[in-house]
Amino acid sequence: MSEKITMAKALNNGLRKSMEDDPKVVIMGEDVGKLGGVFRITDGLQKDFGEDRVIDTPLAESGIIGTAVGLAIRGYRPVCEIQFDGFVFPGFDQIVSQVAKMHTRSAGLVRIPITIRIPFGGGIGAVEHHSESPESYFAHAPGLKVVSCSNPSDAYWMIQQSIRSDDPVIFFEPKRRYWSKGEIEDAPLPLHRARVARAGTDVTVAAYGPMVTTALEAATVAADEGRDVEVLDLRSLSPLDMPTILESVQKTGRLIVVHEAWRSVSVSSEVAARVQEQAFYALEAPVLRVTGYDTQYPPSRLEEEWLPNVDRILDAVDRSLSY
Amino acid sequence: MSEKITMAKALNNGLRKSMEDDPKVVIMGEDVGKLGGVFRITDGLQKDFGEDRVIDTPLAESGIIGTAVGLAIRGYRPVCEIQFDGFVFPGFDQIVSQVAKMHTRSAGLVRIPITIRIPFGGGIGAVEHHSESPESYFAHAPGLKVVSCSNPSDAYWMIQQSIRSDDPVIFFEPKRRYWSKGEIEDAPLPLHRARVARAGTDVTVAAYGPMVTTALEAATVAADEGRDVEVLDLRSLSPLDMPTILESVQKTGRLIVVHEAWRSVSVSSEVAARVQEQAFYALEAPVLRVTGYDTQYPPSRLEEEWLPNVDRILDAVDRSLSY
Amino acid sequence: MSEHVNAVQPEPDMIQLLTPEGQRVEHPDYPLDITDDEIAALYRDLVLVRRIDTEAIALQRQGELGLWASLLGQEAAQIGAGRALRPHDMAFPSYREHGVAWCRGVDPLTLLGLFRGTNLGGFSPYEHNFNLYTIVIGAQTLHATGYAMGVVRDGAVGTGDPDRDTAVLAFFGDGASSQGDVNESFVFAAAGNLPVVFFCQNNQWAISEPVERQSRIPLFQRASGFGFPGVRIDGNDVLASLAVTRKALDDARNAQGPRLIEAFTYRMNAHTTSDDPTRYRLGAETETWKLRDPIARVKAYLVRNAQLPVDFFDDVEAESLRLAEHVRIGCRALPNPTPASPFDALFVDMPDEVREQRDEFVEFVASIEEAAEV
Amino acid sequence: MSEHVNAVQPEPDMIQLLTPEGQRVEHPDYPLDITDDEIAALYRDLVLVRRIDTEAIALQRQGELGLWASLLGQEAAQIGAGRALRPHDMAFPSYREHGVAWCRGVDPLTLLGLFRGTNLGGFSPYEHNFNLYTIVIGAQTLHATGYAMGVVRDGAVGTGDPDRDTAVLAFFGDGASSQGDVNESFVFAAAGNLPVVFFCQNNQWAISEPVERQSRIPLFQRASGFGFPGVRIDGNDVLASLAVTRKALDDARNAQGPRLIEAFTYRMNAHTTSDDPTRYRLGAETETWKLRDPIARVKAYLVRNAQLPVDFFDDVEAESLRLAEHVRIGCRALPNPTPASPFDALFVDMPDEVREQRDEFVEFVASIEEAAEV
Ligand SMILES: Cc1ncc(C[n+]2csc(CCOP(=O)(O)OP(=O)(O)O)c2C)c(N)n1
Ligand SMILES: Cc1ncc(C[n+]2csc(CCOP(=O)(O)OP(=O)(O)O)c2C)c(N)n1
Ligand SMILES: [Mg+2]
Ligand SMILES: [Mg+2]
């Protein structure tokens with residue numbers, strides 16, 4: 001085990017490693033060069049790898065994704081940075097109609113090994129469009145793989161695995177955890193495997209990205225109250241690691257899914273729908289969800305309450321156990 | 001009751017009525033003028049209402065939606081036509097970041113009464129991007145209302161209700177049913193109410209848009225086998241009419257959700273998630289789903305099999321009843 | 001031969017009516033009939049919006065605002081454009097147009113909610129014919145274009161009646177010029193011959209990216225590719241901004257179609273209070289631009305040429321202090337958002353499922369407040 | 001003064017090297033050294049791709065294809081451009097570039113799968129350096145631009161080595177010129193000085209919308225707004241298309257940056273076989289354009305000037321009949337998609353959940369086939 005580093009640094013190290021390992025890896029996006037990105041995730045990379053491999057693009061997300069597709073066809077392995085979650089939508093068409101479909105369209109003859117990095121989620125006191133959780137949109141689209149890291153070690157390994165993936169990966173980074181520290185494990189889990197972040201027997205709380213920390217905090221509080229909460233870090237939102245989820249539910253009989261994203265037609269809807277089907281007799285309570293409400297992301301003075309938090313998770317634990 | 005007309009004609013009549021009733025209603029899109037749209041839904045409207053009210057726009061979906069937002073701010077009530085389902089994505093940013101958010105952003109002081117018509121779904125032997133079912137993307141976004149009609153009467157009434165709605169409505173038209181005929185009812189249901197399309201006691205099949213007909217066909221076959229299937233036409237995908245859905249599930253204890261859209265993170269995920277939570281003790285079997293598979297929409301020579309059909313629904317009925 | 005190419009023009013002509021030294025100069029195409037009192041009024045605007053900006057930055061430092069996007073250096077471009085508008089014209093800002101808001105009569109406090117996190121804008125575009133700030137780069141240019149379509153449909157263009165004919169002014173930045181939406185706006189505006197003026201504040205930077213990352217030719221020339229006139233002005237010259245924008249708006253309202261103005265200016269501060277420009281640009285560049293300060297030249301002109309009341313400059317200074325206090329005190333007094341507000345403002349016609357979530361949330365917030373009180 | 005406006009030019013100059021009457025004319029900027037045999041080869045191309053088109057329309061009528069997008073009238077633009085490409089250049093078509101595909105050596109049967117519904121394209125862009133058809137309007141221009149970024153990064157531009165230096169050719173239509181993606185391509189290509197040539201077939205119509213709905217100035221002028229050269233050619237003149245595209249590609253590969261070519265041509269048929277143009281355009285217009293037929297003029301030239309084998313025209317005709325038969329028979333023999341194919345081609349690395357759905361689907365299809373056999 002190594003020293004503790006921040007998630008931001010872990011991502012930066014992971015990107016650097018990928019660029020060293022494969023000369024076809026290029027980083028592209030707004031302000032990724034000298035500035036190192038608004039979150040400094042690409043800090044120093046342009047200096048070390050040059051302007052040809054760390055590309056400050058014009059300000060146009062469709063252009064970023066669309067040219068990445070062309071680079072991929074030419075044999076490159078582009079890593080696109082979307083500056084904030086709310087700014088991915090001008091590139092949405094290129095993502096769902098081109099990135100996601102090109103491999104099928106070519107009967108498998110073209111590979112589009114693009115990684116699209118998106119800092120996501122709230123809790124940083126930002127203005128509109130800077131705190132969104134758009135992962136559900138992408139998890140609906142076949143042809144995309146969607147993952148999110150929750151700690152520095154996963155950040156370090158998962159970004160490299162995503163870049164190495166021959167399939168396109170939408171990589172969600174929990175921006176409010178960028179500065180939290182942790183050690184880097186010696187070896188990674190497979191990219192699309194969920195992880196038991198805390199073993200427990202009474203109820204399962206499944207989360208990902210920024211909410212894993214919150215779920216673990218809730219589990220700690222619950223433990224004081226004599227409730228043994230198992231916390232799953234889903235890590236991969238598409239595909240979902242159903243065996244790991246089902247194993248946990250078989251054990252606890254109760255599941256709560258937590259994310260910041262809006263509730264309706266979201267990743268938690270899908271988890272609930274699958275679990276109630278695949279573990280019908282194991283469930284002692286309905287799958288509950290603790291999520292962002294179905295409103296616009298609120299002004300930051302309200303975000304602490306609006307976001308899923310320990311209180312709301314504990315409340316769901318109570319409700320689940322009361323069935 | 002009147003004579004039978006096609007859904008295409010019903011929509012055309014509904015649009016005409018809306019334009020007569022309110023001079024602020026304008027229709028805009030690609031080829032909506034002289035051509036009357038590729039499906040002729042706006043046939044004759046430009047001739048009768050002039051080029052100022054039926055606008056052939058430049059070929060740019062973001063432009064269509066974005067200028068519609070401006071027209072709405074100026075007091076107009078734009079009805080945008082997206083030519084085919086697969087072409088809504090260049091306009092996705094304007095829809096989810098502007099159309100959906102403007103009312104909240106202005107603390108409720110601006111209204112965006114835009115209707116976005118999207119012919120959707122497959123089964124017409126078309127090429128790529130012409131057979132998609134993107135409704136789940138929109139049902140995830142707060143600030144949008146999402147509906148779909150399944151028959152000429154609903155088409156006639158729901159399009160008018162959508163246009164009259166002071167909230168933005170994404171209006172999904174089942175293109176493969178455009179030419180199916182039906183009578184126009186004298187009065188409509190409220191826009192966001194589901195409808196019992198066929199009463200039954202053994203199992204509920206909930207569908208919308210093109211799949212309602214298919215569900216009814218399946219119910220007829222099932223009846224021969226002595227199974228009494230209730231068919232719900234959801235009509236409104238956001239908001240969902242949960243009281244009607246729950247009432248049916250309380251009665252039958254079994255629910256199957258059917259749509260052409262991809263399964264993962266879709267409208268059926270949401271229905272399943274809500275029903276298992278809100279009718280946990282009423283369910284005698286898990287909520288099952290009969291949907292498009294999580295692949296790209298296949299080449300048309302495979303679409304008949306790929307799409308949900310009577311066989312697959314009947315199979316789900318069997319599975320549900322076997323619990 | 002029909003090959004068209006615009007060579008790179010390193011320093012193309014810019015319309016200038018007031019030199020950095022405060023010299024009034026004439027331009028044949030843009031005669032400007034303006035009294036010294038009117039110039040003094042512009043001076044007051046410039047000073048006051050700079051003061052609002054200074055105060056907002058201070059408030060951000062003190063933790064009262066989450067963020068602020070400074071307009072320092074761009075006052076002239078904004079005040080000139082803002083004062084060129086007629087009351088019934090409509091303006092569509094991006095997120096930095098505090099000076100334009102000022103000219104429209106928007107109380108600066110109204111702008112602070114977004115940056116303080118008490119609302120997402122929260123004002124009506126109709127009150128001052130000034131639209132909400134738009135953060136998604138370029139999106140507002142299409143809204144302006146659509147609004148202009150509405151103006152045409154209302155018959156409020158080219159009638160010759162100045163109280164009826166209406167123009168629309170759309171603001172965007174040099175970075176924004178690369179967005180599809182901005183270019184689609186040009187397409188729609190040109191094809192429809194719409195009464196919209198596109199006002200690009202080329203402040204040389206899009207966060208850390210210099211304008212050369214976006215374009216290899218001056219941005220005003222973009223218009224020529226779409227078939228309407230583009231012009232570059234000295235964006236630090238309030239008189240040029242006023243005269244050229246006024247003419248462009250007049251052209252637009254007289255059914256001459258769209259116009260593009262590129263205001264050549266400079267972002268003197270960081271992109272926002274979150275940004276650190278020392279990582280990507282040299283202090284020397286900023287120093288050079290200080291010599292072209294938009295306020296100093298107006299003051300120089302007034303001192304040298306105008307017969308102003310003796311206390312004029314002191315009065316403006318005093319007024320700016322009062323305004324600062326208004327901003328300072330008012331900001332802290334801005335009401336926090338109620339828990340119900342995101343739900344209440346979601347739809348005109350609230351669905352039951354939203355109402356249920358609202359009630360759950362309101363109750364939840366009340367319960368933690370109660371717990372906190374115990 | 002720096003006001004720029006392009007007045008509407010009703011009939012701007014077009015580069016033409018062969019008149020509709022079959023007269024060879026010279027253009028100072030585009031000298032074309034071409035033998036009569038080479039022109040004869042172009043004639044053969046033109047005739048053969050027209051035959052492919054005719055045959056495909058017939059197949060659609062017979063229910064063998066779901067749809068077809070006819071290139072009738074646009075053969076010259078496409079063959080000229082296609083023959084200007086070098087083998088290692090890359091072409092990014094839209095969905096109507098059957099003539100370009102032909103020049104790249106793509107078997108016409110390869111194109112039919114998409115329209116027959118047996119696949120979604122299903123071929124490798126690498127085999128002939130010809131990308132898959134792209135239906136979402138404009139998307140491919142960004143792919144071409146990104147590919148050109150890769151070319152630059154590979155050091156395959158401006159080296160002076162003709163076997164190494166590579167250019168990219170991106171096709172789009174007049175309607176597509178309005179899409180954000182196309183304009184963003186211009187931004188990226190200009191800012192990066194990329195070796196990409198944008199080839200716009202202005203066939204006057206985007207389904208039912210005449211080009212005036214998209215632009216009030218000639219489309220080749222769009223490039224000037226982005227700072228690179230644009231040129232209009234007679235799109236019904238295969239020699240102009242060849243010469244101008246060749247030069248543009250050479251410029252691009254010599255690191256001169258992007259180019260825009262507008263081929264002024266006409267869509268003689270319906271938009272696709274699903275379309276009914278009588279609803280929106282007059283037959284007279286089509287009649288006029290018949291006089292500018294791209295094939296007739298080449299034949300006229302050859303008949304008048306070239307020393308061809310006596311059987312030349314008959315041979316081409318015979319070859320076209322054989323090609324038609326190849327298309328006719330081959331189309332019907334195209335393999336239907338297997339049930340597993342949408343699943344197998346979804347990812348390189350198939351997740352279990354996709355595998356499960358695949359197995360379920362394959363089993364389901366087998367079960368109905370069984371049932372049908374019973
Ligand atoms: C679609 C989108 N992408 C990215 C951003 C993040 N962002 C905010 S401001 C900015 C730079 C804008 O530059 P410019 O248009 O020149 O305006 P300026 O800030 O200089 O006034 C960027 C990239 C955004 N707001 N919207
Ligand atoms: C994004 C998108 N919107 C709409 C369509 C539907 N559509 C197909 S072709 C076409 C017209 C294209 O016109 P143009 O670019 O001139 O090409 P042409 O068909 O004339 O070759 C339209 C609107 C589409 N394919 N993609
Ligand atoms: Mg800028
Ligand atoms: Mg065309």
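Naming: A, B, ... by sequence-line order, numbering from 1 per chain. Because only heavy atoms are used, hydrogens play no part in the values below, and waters and symmetry mates are left out as well, while side chains stay in.
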K.L.:
Enumerate, atom names and distances included, each donor-acceptor pair closer than 3.5 Å involving a side-chain atom of residues 336-349 of chain C, sequence neighbours excluded.
P.N.:
{"unit_1": "C:Thr338", "atom_1": "OG1", "unit_2": "C:Ser341", "atom_2": "N", "d": "3.2"}
{"unit_1": "C:Ser341", "atom_1": "OG", "unit_2": "C:Thr338", "atom_2": "O", "d": "2.7"}
{"unit_1": "C:Asp344", "atom_1": "OD1", "unit_2": "C:Arg358", "atom_2": "NH1", "d": "2.7"}

K.L.:
Considering only heavy atoms, which portion of A:Glu303 lies under 4.5 Å from any heavy atom of chain C: side chain, backbone, both, or neither?
P.N.:
neither

K.L.:
Pick one of side chain, backbone, both or neither for C:Ile137, based on which atoms fall under 4.5 Å of a heavy atom in chain A.
P.N.:
side chain

K.L.:
Indicate, with yes or no, if the rings of A:Phe138 and A:Phe92 have centres closer together than 6.0 Å.
P.N.:
yes

K.L.:
Parallel under 30°, tilted from 30 to 60°, perpendicular over 60°: which one fits the rings of A:Phe39 and A:Tyr178?
P.N.:
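Rings of A:Phe39 and A:Tyr178: tilted, 30 to 60°.
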
K.L.:
Sort by residue number and list every member of residues 123-135 of chain A having a non-hydrogen atom under 4.5 Å from chain C.
P.N.:
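Listed by number, the contacting residues are A:Gly125, A:Val127, A:Glu128, A:His129, A:His130.
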
K.L.:
Look at atom CD of A:Glu304 and say whether more than 12 heavy atoms of other residues, nucleotides or ligands are closer to it than 6.0 Å.
P.N.:
no

K.L.:
Relative to chain C, which segment of A:Gln46 carries a heavy atom at a distance below 4.5 Å: side chain, backbone, both, or neither?
P.N.:
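Interface part for A:Gln46: neither.
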
K.L.:
What part of A:Phe84 gets closer than 4.5 Å to chain C, counting heavy atoms only: side chain, backbone, both or neither?
P.N.:
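Neither part.
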
K.L.:
Tell me, side chain or backbone of C:Val136 under 4.5 Å from chain A's heavy atoms, or both, or neither?
P.N.:
both

K.L.:
Can you list the residues that meet the salt bridge (Lys or Arg N to Asp or Glu O under 4.0 Å) rule with A:Arg176, with sequence neighbours excluded?
P.N.:
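Here the qualifying residues are A:Glu260.
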
K.L.:
Heavy atoms under 4.5 Å from chain C: which residues of residues 315-323 of chain A carry them?
P.N.:
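Within residues 315-323 of chain A, no residue comes under 4.5 Å from chain C.
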
K.L.:
What part of A:Phe87 gets closer than 4.5 Å to chain C, counting heavy atoms only: side chain, backbone, both or neither?
P.N.:
side chain

